[in-house]
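Below is one structure, written out as structure tokens, with a few remarks after it.
The structure displayed is predicted, hence computed values, not measured ones. Both counts, for ligands and for their atoms, begin at 1 and track the order of listing.
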Amino acid sequence: MNDIAHNLAQVRDKISAAASSCGRAPEEVTLLAVSKTKPASALAEAIAAGQRAFGENYVQEGVDKILHFRESGVAGLEWHFIGPLQSNKSRLVAEHFDWCHTVDRLKIASRLSEQRPAEMPPLNVLIQVNISDETSKSGIPLSELDALADQVATLPGLRLRGLMAIPAPESDYQRQFAVARQMAVAFDALKARYPGVDTLSLGMTDDMAAAIAAGSTMVRIGTAIFGARDYTKTKEL
Ligand SMILES: *Cc1c(COP(=O)(O)O)cnc(C)c1O
């Protein structure tokens, strides 16, 4: 077994253990493999080990990988855009990705909806909530969630699937859990208003267990699968 296959197996075991220990079924939690800065060869190892859903942060890098695997004839992959999105890059996301986790304003949502090609299914979107990091510019406060959700839900090119958050780094489990619970409460309220809502994207390598205990349905894991990232190297495929 290569390193990536081995790491993936370990992460899947941790997800199962975290789910079981709070009475949830492991299948309720989707593993998103965050492959930013990693070459296509690393993703290919993960694919060979059964991984299908990948998260990318940089639009062009993600599109290059999507096209690479499409041209290689690999079917059944699911591509999630999880990075900050500027208006001038929205078209590439709308035309290539299956999901966007970082919708945080109507302008971006409207552009993604308009730019989604008619022959593709609606783009799955999550609204990003700024749950704990007041200094970050990404995400909306919870107080603005209902208004934005109501607007996003009317856009024909999008399908509102839920919420995403990147909590401020925190090493204490109880504090990780408290923040994650705030997100889970907002998620449950949104689900009650919109039956199509089914996804809470929450939990990274360091807070995965607390996020799952609180109710996350999708964890985004990079380092624990692919190893540390090297941002100095050029991004080759
Ligand atoms: C990089 C990234 C991750 C993965 O982080 P790791 O600590 O490597 O697991 C998850 N979510 C987002 C939004 C990211 O940018």
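- The aromatic rings of F81 and F97 lie perpendicular to each other, with more than 60° between the two planes, well past the 30° mark.
- Within ligand 1, the atoms closer than 4.0 Å to a non-hydrogen atom of I221 are 9 (O), numbered from 1 in the order shown.
- The nearest protein atom to atom 9 (O) of ligand 1, hydrogens excluded, is given as T205 OG1, 2.5 Å; this is a heavy-atom distance.
- Every atom of ligand 1 is numbered from 1 in the order shown, and the set under 4.0 Å from a heavy atom of R220 is 4 (C), 9 (O), 10 (C), 11 (N), 12 (C), 13 (C).
- Applying the 4.0 Å criterion to heavy atoms of T223 picks out, from ligand 1, the atoms 6 (P), 7 (O), 8 (O), 9 (O).
- At a 4.0 Å heavy-atom cut-off, ligand 1 touches N57 through the side chain alone.
- Within a 6.0 Å radius of NZ in K191, more than 12 heavy atoms belonging to other residues, nucleotides or ligands are found.
- Residue-ligand proximity: H101 is placed with every non-hydrogen atom at 4.0 Å or more from ligand 1.
- The shortest distance between side-chain heavy atoms of T199 and W99 falls below 4.5 Å.
- Residues L92 and Q60 share a closest heavy-atom pair of CD1-OE1, 3.6 Å.
- Among protein heavy atoms, atom 1 (C) of ligand 1 sits closest to K36 NZ, 1.4 Å.
- Closest to atom 5 (O) of ligand 1 among all protein heavy atoms lies M204 CE, 3.7 Å.
- Linking Ile, Leu, Val, Met, Phe, Trp and Tyr whenever their side-chain heavy atoms come within less than 4.5 Å puts L8 and V74 in one cluster.
- Atoms of ligand 1 lying under 4.0 Å from any heavy atom of G222, numbered from 1 in the order shown and given with element: 4 (C), 6 (P), 8 (O), 9 (O).
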**OP:** Would you check, one step at a time, whether the test side chain to side chain contact (heavy atoms under 4.5 Å, CB included) holds for M164 with L202?
**Re:** CA-CA 6 Å; M164 177 269 210; L202 187 68; over 6 Å; no

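- Proximity of I166 to ligand 1, defined as any heavy-atom pair under 4.0 Å, is confined to the side chain (atoms from C-beta onward).
- When each of K65, K38, K36 is checked for a side chain to side chain donor-acceptor pair (under 3.5 Å) with E56, only K65 meets the rule.
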